[in-house]
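None of the values given here were measured: they were computed from a predicted structure. Remember, it's 1-based here, ligands and their atoms both numbered in the order they're listed.
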Amino acid sequence: MLKPPREAIGSADPSLIERWGSYRFFVVDGRIRLSAYVDPELLKCVLNDMAVEAGVTLCLHCWGCQALMDGKRIEGIVFESKEGRQAILGQVVIDATGDGDIFRISWLGF
Ligand SMILES: Cc1cc2nc3c(=O)[nH]c(=O)nc-3n(C[C@H](O)[C@H](O)[C@H](O)COP(=O)(O)OP(=O)(O)OC[C@H]3O[C@@H](n4cnc5c(N)ncnc54)[C@H](O)[C@@H]3O)c2cc1C
């Protein structure tokens, strides 16, 4: 992660402005701003590692396509990948699709 040192935050020192000014977010209104610049490709790898270390089983390149319902309660989802169609059950299902796709599928069925 690239960022100005903590002691530089808020400074209007011309040498610091010159050092950090070429990056988009580090200088605002002539002062060094608290901000960080992250390589998104590297961040993906780090986050995957952290999830695995926390005991998460990652299912990459899988697409949730059907909700498994018990009445109004969602019990799991069906997902598709190059390995075919599989299902996973859980005590809790968290919809992290950004647009509530699993939520919609569970209520509307498509
Ligand atoms: C143009 C734009 C600019 C933005 N700029 C900023 C910003 O500067 N700062 C800021 O804080 N926020 C910004 N946002 C908002 C921010 O991107 C979202 O709030 C945030 O990404 C939501 O995170 P999320 O994890 O809930 O969903 P997402 O980031 O949308 O992640 C959902 C993931 O689920 C996957 N997925 C979807 N459906 C399925 C499915 N059926 N099966 C499997 N996977 C599925 C998607 O491929 C995706 O990888 C911006 C948004 C947009 C569109």
Just by modelled atom types, is the Gly10 backbone N or O under 3.5 Å from a matching donor or acceptor in the Arg31 side chain? yes

Within the heavy-atom cut-off of under 4.0 Å, ligand 1 is lined by Cys62, Trp63, Gly64, Ala96, Thr97, Gly98, Asp101

More than 12 heavy atoms of other groups within 6.0 Å of Ile94 CD1: no

Any chain of hydrophobic side-chain contacts (each under 4.5 Å) joining Leu68 to Ile77? no

May I have all residue pairs that pass salt bridge (Lys or Arg N to Asp or Glu O under 4.0 Å) and include part of residues 37-62, sequence neighbours excluded? Glu41-Lys44

Gap separating the CG atom of Asp95 from the OG atom of Ser106, nearest 0.5 angstrom: 8.0 Å

Should Leu16 and Tyr23 be regarded as members of a common hydrophobic cluster, given that ILVMFWY residues are connected when their side-chain heavy atoms come within less than 4.5 Å of each other, either directly or indirectly? yes

